[in-house]
Each structure stands twice: as C-alpha cells, then as structure tokens.
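The structure appears right after this line, and notes come after that.
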Number of protein chains: 2
Amino acid sequence: MPKTTFFNLPDKKQKSIISAAIDEFSKASYNSASINQICKNSNIAKGSFYQYFTDKLDLYVYIITLAIEEKIKFFSSVLTEFQSLSLLEQIRMLFVKGVEFAKLYPLYAALGEQFSKENDEIAVSAVLKEGYKQSESLFMKMIDKAKSKGEINKNVDSYALNIMLQSMNNSVSEFMKNKYGEVNYEKYDEDVNNFIDSTLYILFHGIKNN
Amino acid sequence: MPKTTFFNLPDKKQKSIISAAIDEFSKASYNSASINQICKNSNIAKGSFYQYFTDKLDLYVYIITLAIEEKIKFFSSVLTEFQSLSLLEQIRMLFVKGVEFAKLYPLYAALGEQFSKENDEIAVSAVLKEGYKQSESLFMKMIDKAKSKGEINKNVDSYALNIMLQSMNNSVSEFMKNKYGEVNYEKYDEDVNNFIDSTLYILFHGIKNN
DNA sequence: TAATTATATGACCAATCGGTCTTATTGTCA
DNA sequence: TGACAATAAGACCGATTGGTCATATAATTA
C-alpha cells in the first residue's frame with residue numbers, strides 16, 4: 001500500500017500519478033514498465049515518488065488492485081438481481097457487462113489483460129496475496145445452481161464448462177480487439193451482441209445436427 | 001535470418017546457442033529477455049553473437065519461427081489422414097495432438113505461449129511477416145466442410161464457432177498448466193483426455209437440458 | 001519568531017541493457 | 001612461409017533501469 005504521504009496529496013496530484021501509472025502498466029509488462037516514465041508523465045520528481053511508494057511493486061499492486069476493485073464494483077450492481085435469471089440470461093449478462101466494462105473503462109480493461117499475461121511471479125503473487133483470488137468460483141456457483149434446478153444436461157461436466165465459460169469470456173474481448181483494434185467501438189454494439197448470441201447458441205444447443 | 005557465420009558454426013555450438021535462446025525467450029518477453037544471458041549461458045562472447053545475428057530481433061524471429069515450424073511439422077503428419085474423419089474426431093485429434101506436442105516439446109510450447117502474449121509490436125510483426133500467419137484458417141476450413149456435409153447445425157455461426165474452437169484449444173493447455181504446473185505430466189494422460197472429451201461433449205450437444 | 005517536522009527535488013549510484021569496435025587468433029590459399 | 005580473410009573476444013559506449021540520499025523548501029507547532 002502507498003505511504004500516508006501519498007494519500008495526503010491533493011486530489012489532482014494523486015489522480016495524475018495514478019493516471020500515469022495506469023497508462024504505463026496497461027501498455028507494458030511489470031518489468032518493462034518504467035518508473036521514470038511515470039514520474040515524467042505525472043510531473044513529479046523521482047525522489048517524491050519514493051516518498052509515496054516504497055517500491056515499484058507497491059505501486060503495481062495498488063494500481064492492479066484498483067482495477068480489480070473497479071470491476072468488482074461494476075459487476076456487483078448486477079449480481080443482486082442475478083439470482084432470478086435463467087442460466088442463459090446470467091451468462092449473457094456477464095458477457096455483455098464485460099463488454100460494457102471494457103467500453104466504459106478501457107484502461108482498466110487493458111490493465112486486467114496485461115495482468116493476465118504477466119510473467120513476473122513476484123508481481124503476480126503480490127497482487128493475488130492482496131486478497132482477490134479472481135472470482136473464478138462465480139461461474140462454478142452458477143453452474144451448480146443451474147444443475148440443481150435442472151437447467152443443465154446432467155452429462156455436462158461442471159469443471160469443463162467452468163473453464164469453457166472463462167475462455168469464452170476472453171474470446172469476447174478477443175473478438176472485439178481483433179475486429180476493431182484500438183478503434184472506439186462505440187458503434188459496434190450490434191456486432192458484438194450478435195457474436196455473444198451466436199456463442200451462447202452454440203453453448204446451449206451444441207453444434208451437432210439434430 | 002542469422003548470418004552465414006552462424007550456419008558455419010559447428011553443430012554443437014549452434015545447438016548450444018539455440019538452446020540458450022529458447023530458454024531465455026520462453027521465460028521472458030521480447031523486451032525482458034537478455035542477450036547477455038543468452039551469451040553467458042551458451043558460452044560465447046558478446047562480439048561473437050553479433051557475428052552470428054544482426055540483431056536481437058534477428059535471433060527472436062529465428063527462434064520463434066523455429067518453434068512454429070516444428071509445430072507445423074508435428075501436425076502435418078496428422079493432416080493427411082484428416083479428411084476422412086468426422087468433425088468430432090478432427091477436433092479431438094487437434095486437441096489431443098496439441099497436448100502431445102506440449103508434452104514432447106515443452107520449451108517450444110512455452111515459446112509459443114510467450115509469443116501469444118507478446119506486447120512488442122515490432123517483434124510480433126517481424127515474426128508474422130516471416131510468413132506464418134498462424135493457421136487460424138484451419139478451423140474455418142474444417143467448419144465449412146463439415147457444414148456442407150451436414151455435420152453441423154445450420155444455425156451455428158461459423159465465425160463464432162471458429163473463435164470458440166481457438167479459445168477452447170487454449171483452455172486445454174490452460175487446464176494442464178493450472179492443474180499440474182511445472183510437474184512432468186506424463187502420468188496425467190487420462191485426466192487430460194477426460195477434460196477434452198467433456199469439452200467436446202458440451203460443444204457438440206450443448207448444455208441445455210433436452 | 002524559532003524550532004521542528006514533513007515534503008519536494010534531482011544529482012547520483014551500481015547494474016544492466018543492446019550494440020560497437022578494436023584487437024587477437026585462427027583458417028585458407030599461393 | 002607470407003598474406004589475407006574469417007572469426008573470436010571482451011573492453012567499451014551511451015542509454016536506461018530501480019532506488020538512494022543529501023539538501024532545499026514548506027507547513028506546523030511552540
């Protein structure tokens with residue numbers, strides 16, 4: 001966690017540092033990201049930086065945690081009305097909300113993506129130790145519930161489905177990135193929704209003829 | 001491409017350099033990987049290195065291309081008898097062979113994974129420019145053929161299925177890595193096969209009850 | 001106002017990076 | 001053997017890295 005000195009900073013300065021850090025860490029890996037650049041882009045001296053943070057790692061954990069918390073906050077609004085939905089609607093909701101999140105907070109999304117690719121074990125474990133074990137279990141809970149309600153074919157393996165849902169979640173972002181790149185994809189709502197629906201159709205009905 | 005000096009080298013020395021490079025590039029990103037380390041681990045002088053390769057990029061492209069070619073070679077043996085198989089068998093074959101490849105050439109597999117996470121645009125485009133546009137189209141061809149044969153439900157969107165297959169392919173490796181990590185997973189054949197079958201069952205029959 | 005504490009600053013450090021360059025050694029041909 | 005080309009070698013270069021530290025300034029307390 002940042003030192004108290006950092007939190008005593010005027011809001012504008014705090015934001016400026018955070019913004020520069022998000023920028024840097026969303027573009028480069030932990031090792032490649034540069035403290036010097038972050039200092040330069042937020043107009044603070046190197047010495048000042050180390051009055052605010054003990055480490056590069058300190059800042060990294062803080063920034064990634066920020067992104068994770070923002071995503072959790074974003075999703076939590078949905079999760080209350082979630083119980084009443086069918087599994088199909090639940091999954092679609094998660095996909096759609098994921099796209100919305102990326103659209104609303106593209107830098108946070110990029111940050112998360114960068115983190116998922118992170119090689120540095122120390123950096124990764126420091127973030128995970130911070131408490132957020134990623135809500136992988138979310139899908140698992142959904143699956144178990146849906147199974148007990150009889151919504152899912154009993155022959156379906158829960159664990160395999162869980163992994164599939166996770167990877168399909170990624171492929172939605174992948175779809176957007178592949179097709180529209182850095183472009184502001186504000187207008188491509190329909191395309192993305194179609195892709196999600198097509199994917200869900202396959203997931204629910206299978207691809208086999210008859 | 002390496003300079004002719006490199007190819008004139010005694011086999012043992014060539015192999016030693018390649019091995020050190022594979023080691024380095026499979027552990028770190030293009031930027032983080034260190035030429036110094038590669039020199040040290042292969043017992044050659046820095047100056048010698050630049051007699052063999054023009055660039056860090058030169059070596060990188062060479063090494064990644066090597067891995068891709070090895071994978072293509074590995075898969076090509078299957079692809080001949082491929083036509084006669086049903087779609088289910090084709091897909092299972094690809095998955096199973098992917099696992100086999102990772103088991104047989106773990107370093108090449110790690111290299112490929114590292115490349116798929118690569119941030120450096122110049123490095124990525126240099127590799128892709130080398131000709132290997134990745135056989136993404138392979139799935140697409142399979143799908144189209146299977147559709148025309150009536151093996152696939154007409155409602156299934158080909159492009160969505162294509163992306164799904166790619167991400168499912170990744171999730172198989174993910175499954176192995178998550179579950180067994182660095183361990184020699186020679187003995188886990190059955191687990192992996194079960195996972196593949198479970199995934200394919202879902203893909204073909206869907207998860208919906210009835 | 002004087003003393004004390006908190007913060008801001010950038011020169012500085014050793015380490016490492018990718019890459020160069022001069023020099024020493026080796027191999028080849030006449 | 002002598003001349004010339006190929007290769008091996010590592011000291012060296014400027015740039016950059018994460019991090020330190022002495023010093024200057026600002027804020028706070030007495």
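Atom set for the values below is all heavy atoms of this structure, side chains included, hydrogens, waters and symmetry mates excluded. Given the structure is predicted, the values throughout are model-derived calculations rather than measurements. Quick note on labels: first sequence line is chain A, next is B, and so on, each numbered from 1.
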Original post:
Rounded to whole angstrom units, what separation is found between the CZ atom of Phe53(B) and the P atom of dA8(D)?
Top reply: 12 Å
Strictly under 3.5 Å: I want the nitrogen or oxygen pairs between protein and nucleotides 18-21 of chain D, one per line.
unit_1: dG18(D); atom_1: OP1; unit_2: Ala33(A); atom_2: O; d: 2.9
unit_1: dG18(D); atom_1: OP1; unit_2: Ile35(A); atom_2: N; d: 3.4
unit_1: dG18(D); atom_1: OP1; unit_2: Lys56(A); atom_2: NZ; d: 2.9
unit_1: dG18(D); atom_1: OP2; unit_2: Ile35(A); atom_2: N; d: 3.1
unit_1: dG18(D); atom_1: N7; unit_2: Lys46(A); atom_2: NZ; d: 3.3
unit_1: dG19(D); atom_1: OP1; unit_2: Asp55(A); atom_2: OD1; d: 3.1
unit_1: dG19(D); atom_1: OP2; unit_2: Tyr50(A); atom_2: OH; d: 3.0
unit_1: dG19(D); atom_1: OP2; unit_2: Lys56(A); atom_2: N; d: 3.0
unit_1: dG19(D); atom_1: N7; unit_2: Lys46(A); atom_2: NZ; d: 2.9
unit_1: dG19(D); atom_1: O6; unit_2: Lys46(A); atom_2: NZ; d: 2.7

**OP:** Please indicate whether Lys3(A) has more than 12 foreign heavy atoms, meaning atoms of other residues, nucleotides or ligands, lying under 6.0 Å from its NZ.
**Re:** yes
Original post:
Is any side-chain N of the basic residue among Lys103(B) and Glu100(B) closer than 4.0 Å to the acidic one's carboxylate O?
Top reply: no
Subject >> More than 12 heavy atoms of other groups within 6.0 Å of Lys27(B) NZ >> reply: no
**OP:** Considering non-hydrogen atoms only, spot the tightest contact between Phe75(B) and Gly98(B) and give its length.
**Re:** CZ-N, 3.7 Å
Original post:
Looking across every strand, which nucleic acid part, if any, lies under 4.0 Å from Tyr52(A) by heavy atom: base, sugar-phosphate, or nothing?
Top reply: sugar-phosphate
Original post:
Does Glu70(A) come within less than 4.0 Å of Lys73(A), counting only side-chain N to carboxylate O?
Top reply: yes
Original post:
Could you state the CD-P distance from Gln51(B) to dT22(C), rounded to the nearest angstrom?
Top reply: 14 Å
Subject >> Donor + acceptor pair across side chains of Ser16(A), Ser19(A) (<3.5 Å) >> reply: no
Original post:
Taking NZ, NE, NH1 and NH2 as the nitrogens, is one of them in Arg92(B) or Asp197(B) under 4.0 Å from a carboxylate oxygen of the other?
Top reply: yes
Original post:
Can the positive tip of Lys56(A) be found less than 6.0 Å from the middle of the six-membered ring of Tyr30(A), inside 45° of the ring normal?
Top reply: yes
**OP:** Provide, to the nearest angstrom, the distance between the NZ atom belonging to Lys3(B) and the C1' atom belonging to dT20(C).
**Re:** 11 Å
Original post:
What integer distance in Å separates Asn43(A):CG from dG10(C):C1'?
Top reply: 14 Å
Subject >> d(NZ, Lys40(A); P, dG10(C)) in whole Å >> reply: 13 Å
Original post:
Taking DNA chain C as the partner, which of residues 4-16 of chain A come within under 4.0 angstrom of it by heavy atom?
Top reply: Thr5(A), Asn8(A), Leu9(A), Lys13(A)
